[in-house]
Amino acid sequence: MLELKGASKSFGDTVALHATELRLPQSQITALIGPSGCGKSTLLRLLNGLLFPDTGEVCFDGERMTASNVQALRRRMGYVIQDGGLFPHLSAADNITLMARFLGWESARIDQRLDELAQLTRLRPGLLERFPAELSGGQAQRISLMRALMLEPEVLLLDEPLAALDPMIRSDLQEDLRAIFRRLETTVVLVTHDLAEPVYIADSVVLMRAGKIEQVATGSDLISAPANDFVRPFVRAQRYLQSTEDSG
Ligand code: ADP
């Protein structure tokens with residue numbers, strides 16, 4: 001569904017992503033994980049055409065992404081960022097329906113889709129009329145998710161969607177996300193720095209370091225069979241953090 005073929009990206013002297021090969025199959029949930037600054041967001045932005053690679057190419061459904069087709073291809077992808085990225089001057093409903101209105105959807109179709117999404121994300125009634133400043137972090141992320149899903153995307157890209165939430169809300173939303181992904185059968189790419197998240201949610205985990213992929217595996221294989229001397233301590237440190245969080 002999505003593919004990097006020798007794609008690399010630098011910013012000045014910083015190589016954010018070395019030439020990378022990666023295939024993300026249809027309907028699979030893939031997590032990108034690794035320490036801060038290892039290139040996760042850069043990889044995600046290459047996938048949705050917010051950035052173009054310096055070398056190599058990025059393909060969506062077999063088609064190479066270029067400046068001329070990127071707008072059309074991006075409408076087939078939903079994108080959720082850490083703080084939600086909602087427009088502060090628009091109500092939640094207007095944020096969600098902005099693109100559909102721009103594309104000329106009829107209001108009955110828009111209302112029906114809004115209802116479906118509110119059920120899917122278990123949004124509390126009444127929140128759609130609120131402005132982003134009147135929503136909690138968890139509510140804002142449900143609205144961002146609804147916005148990303150509005151046009152029924154084939155691919156959903158999420159950049160640390162739960163990172164800014166407190167642990168209780170995070171675990172609620174994590175459960176909901178898992179159920180939503182399974183139900184939609186969308187191709188999902190989820191950036192996270194917390195190993196517990198992909199082990200719970202993802203079919204496959206891509207572990208990165210310093211702009212390179214170190215290992216691609218299922219979450220449990222990553223833990224039971226770390227590929228090298230970077231993966232092993234990374235997994236151990238994550239498990240230690242997890243156990244201190246649990247006991248605290
Ligand atoms: P991660 O998402 O894993 O934290 P990023 O992909 O954001 O990592 O960043 C990878 C590297 O590229 C970092 O060293 C970061 O400072 C650098 N970088 C990312 N975006 C930019 C940018 N727009 N301008 C300059 N440097 C950037």
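Side chains are part of it too, since the values below use all heavy atoms of this structure and drop only hydrogens, waters and symmetry mates. All values derive from a computational prediction rather than experimental measurement. All ligand and atom numbering here is 1-based and tracks the order in the structure.
Both the sub-6.0 Å distance and the 45° axial angle are satisfied by Arg147 relative to the ring of Phe87.
Side-chain polar atoms of Thr30 and Ser204 form no donor-acceptor pair below 3.5 angstrom. Under 3.5 Å, the side chains of Ser144 and Gln141 contain a donor-acceptor pair of N or O atoms. Looking only at atom types and distance, the side chain of Asn228 has no donor-acceptor partner in the side chain of Gln215 under 3.5 Å away.
Protein residues are said to neighbour a ligand when one of their heavy atoms lies under 4.0 Å from it; for ligand 1 these are Phe11, Thr14, Ala16, Pro35, Ser36, Gly37, Cys38, Gly39, Lys40, Ser41, Thr42.
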**Item:** Steps toward side-chain contact (heavy atoms from CB on, under 4.5 Å) verdict (Leu24, Met1)
**Value:** CA-CA 6 Å; Leu24 303 170; Met1 189 70 197; 5.7 Å; no
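Asp159 places no side-chain N or O within 3.5 Å of a backbone atom of Gln82 that could act as its donor or acceptor partner.
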